[in-house]
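When a ligand or atom number is given, it counts from 1 through the structure's own listing order. Keep in mind that this is a model prediction, so the values were computed, not measured.
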Amino acid sequence: MTTRRKNPSELRSQQWFSAPGSAGAHKDRRIKQAGFLAEDYKDKPVIAILSTWSDFNTCHAHFPQRIEEVKRGIWQAGGFPAVVPVQSVSESFSRPTSMMYRNFLAMEVEEAIRSHPVDGAVLLGGCDKTTPGLIMGAASAGVPSIFVPAGAMLRGHWRGHTLGTGTSTWIAEADYRAGKLSETEWRDFGQASVRSTGTCNTMGTASTMTSLVDVLGLCLPGASSIPAVDSEHARMASAAGRRIVDMVWEDLKPSDIVTRASLINAVIADMALSGSTNSLIHLIAMARRLGLDLSVDDFAAASETVPVICNLMPAGQYLMEDFHFAGGLRALLSVIKDHLDTGVMTCTGHTLGEEIADVKVWNDDVIRPLDNPIYASGALVVLKGSLAPRGGILKRSAATPELLSHTGPAVVFKNYSDLKARIDDPDLEVTADSMLVLQDAGPIGAPGMPEWGMLPIPKKLLAQGVRDMVRISDARMSGTSFGTCILHVCPESRAGGPLGLVRNGDLIRLDTDARTLDLLVDDAELARRRAAWVVPAPHYTRGYGELFSAHVTQADEGCDFDFLAKQGVTVDPEVH
Ligand code: FES
């Protein structure tokens with residue numbers, strides 16, 4: 001690709017450092033306070049390294065070292081690095097849910113870039129919400145940006161078994177709750193499952209989102225599968241530092257890379273990966289930041305045509321390390337290339353087609369050929385009907401086939417506290433045929449749409465050997481989870497959706513082949529219930545919580561804030 005290169009005078013940062021009079025002299029003086037010389041930063045691209053490191057984000061514990069490697073690359077290429085910490089949004093420690101802070105991170109990223117002398121950004125993230133939060137913010141800020149994915153942690157080992165983060169835990173937890181594992185064994189298991197820093201090593205939300213950002217061309221091609229502690233990861237970080245400097249000179253911004261075509265490529269890859277259901281929300285939010293159209297119907301359409309060929313937990317059996325050494329994302333894309341628009345641009349300045357031209361699959365049980373898929377099609381199904389007028393989703397590849405067509409009586413929990421209080425009650429009237437319904441767990445309701453969608457199986461059914469049931473909620477589900485869980489039911493119950501009107505004993509019909517989810521209650525009765533329905537009291541009447549509740553959009557719109565998802569005018573600040 002031949003591109004015009006910027007002149008140093010066109011660099012945004014130099015408006016700060018070269019401003020006439022006291023404004024420029026002040027910035028010049030203050031950067032020298034940190035020991036730099038004019039030749040370090042004058043007429044050079046200033047690159048913000050936006051780091052989601054904190055001691056609470058244990059998936060990012062290697063970031064302080066990676067920051068040094070990114071800096072090395074930036075210096076080598078003739079740029080000036082500046083580290084800017086942003087909220088780390090730890091999936092493991094953030095309460096009430098990390099999802100509540102994705103938009104907070106996105107706002108912080110956008111404003112951190114806009115308010116500082118920044119020409120380009122390196123985005124260090126990977127733990128679930130950090131990836132979309134960083135990309136959403138950088139997209140809105142509109143400066144050249146490159147993503148450095150954290151990489152997955154090493155695989156766990158316990159009693160001769162390989163452990164995948166999340167997926168193996170859910171299986172062991174069922175045994176623990178059924179009394180088959182002691183407290184000590186359960187703790188030992190947990191310790192064995194977290195061998196190193198890095199993100200969850202299954203095809204959960206973290207690996208799904210870093211893979212999809214790779215498909216979008218926003219990180220160095222293939223970077224998403226490099227294990228966090230591999231020396232290749234350090235080399236990738238410094239290479240990203242070198243590349244961002246050139247991206248600034250080329251003025252290659254997210255809006256030049258991400259198009260409707262590349263988003264559809266990401267959706268198609270998502271289906272081949274059997275990616276996390278959370279990807280729907282995050283990809284739609286990312287698209288909207290760039291004014292691009294993407295909807296759940298795009299996922300539904302892709303799901304009908306693209307087979308699952310990635311044999312990773314939770315849908316399959318392997319882990320991210322295996323995926324990397326089988327060829328990684330580029331190898332997977334080469335297998336499905338006929339489904340992709342390979343003419344789209346990547347951050348390297350080359351097309352996707354050029355980037356996957358010579359790659360090979362090195363283990364065709366991990367990355368399957370098209371004629372030997374894990375699942376022929378329909379990894380993800382969008383269901384609509386009287387219970388989900390704007391849709392609900394089901395990860396069919398992680399569900400029990402016998403439950404995909406099922407009608408049963410509802411067992412309703414009015415919120416998560418109610419669920420925790422009663423799910424293991426020996427007197428709970430529930431059978432394996434029941435439909436477990438969780439209300440008030442959506443974006444506004446929970447708040448923050450937590451990953452409560454894999455409702456626990458009642459203890460008394462666990463003891464009978466039941467391991468899956470149809471579960472329905474307006475919550476999300478961890479990408480590492482599995483089961484016949486219908487998620488993201490939209491509109492959510494707190495926004496007046498019919499999910500909030502379901503009562504114990506109501507019949508619900510799931511027909512996956514017909515893509516329907518219906519509440520079998522007549523309209524007159526539903527109208528009576530709606531008239532009597534009272535909105536629960538708000539969780540917040542001040543602060544970020546109130547802002548979040550007032551402006552978060554529904555799942556089918558990406559759960560972004562309404563005032564951020566739109567295009568509009570934002571002035572670049574004047575330097576003074
Ligand atoms: Fe950080 Fe899973 S907890 S990626």
Side-chain angles (χ1 to χ4, degrees), residues 51-64 66 86-102 104-105 123-135 147-156 163-173 189-214 219 223-230 233 270 273-279 281-282 312-315 319-321 323-324 329 398 448-454 475-482:
S51 166
T52 49
W53 174 85
S54 84
D55 279 327
F56 283 119
N57 198 328
T58 47
C59 303
H60 297 175
H62 53 318
F63 277 8
R66 293 296 174 269
V86 287
Q87 183 172 173
S88 66
V89 198
S90 161
E91 190 64 24
S92 303
F93 292 98
S94 302
R95 292 292 175 267
T97 163
S98 60
M99 186 62 185
M100 202 160 151
Y101 294 100
R102 182 202 66 177
F104 192 115
L105 171 64
L123 314 169
L124 268 71
C127 189
D128 293 24
K129 311 304 175 296
T130 60
T131 302
L134 287 163
I135 302 295
F147 180 67
V148 172
M153 69 174 87
L154 299 177
R155 61 169 78 82
L163 304 182
T165 336
T167 307
S168 301
T169 309
W170 312 131
I171 296 168
E173 188 176 26
F189 166 89
Q191 189 168 294
S193 70
V194 286
R195 279 182 58 222
S196 75
T197 185
T199 49
C200 295
N201 54 20
T202 44
M203 189 47 75
T205 304
S207 299
T208 300
M209 290 314 301
T210 54
S211 297
L212 300 187
V213 166
D214 202 337
C219 67
S224 57
S225 63
I226 304 172
V229 294
D230 197 303
H233 197 270
D270 198 8
L273 290 165
S274 189
S276 162
T277 47
N278 287 320
S279 60
I281 294 174
H282 299 318
L312 262 60
M313 293 183 197
L319 296 171
M320 284 301 286
E321 256 178 285
F323 184 56
H324 183 64
L329 183 84
M449 206 182 178
E451 293 181 337
W452 294 337
M454 189 174 77
R476 295 175 301 117
M477 176 172 87
S478 164
T480 62
S481 300
F482 52 88

Step by step, work out the side-chain contact (heavy atoms from CB on, under 4.5 Å) result for Thr165 and Met313. CA-CA 9 Å; Thr165 336; Met313 293 183 197; over 6 Å; no
Tell me if a side-chain donor or acceptor on Thr208 pairs with a main-chain N or O of Ser276 at a distance below 3.5 Å. yes
Taking the side chain as every heavy atom from C-beta outward, state whether Met320 and Met203 have any atom pair closer than 4.5 Å.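 Of all side-chain heavy-atom pairs linking Met203 with Met320, at least one is under 4.5 Å.
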Between Ser211 and Leu273, is any pair of side-chain heavy atoms under 4.5 Å apart? yes
Compile the protein residues with any heavy atom at a distance under 4.0 Å from an atom of ligand 1; present them by chain, then by number.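 Residues near ligand 1: Cys59, Glu91, Ser92, Cys127, Asp128, Thr199, Cys200, Ala206.
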Run the numbers on Asn278 and Arg476 for side-chain hydrogen bond (donor to acceptor under 3.5 Å, both in side chains), then give the verdict. CA-CA 7 Å; Asn278 287 320; Arg476 295 175 301 117; 3.1 Å; yes
Just to verify, what does Ala172 make a side chain to side chain contact (heavy atoms under 4.5 Å, CB included) with, not counting sequence neighbours? Leu181, Trp186, Phe189
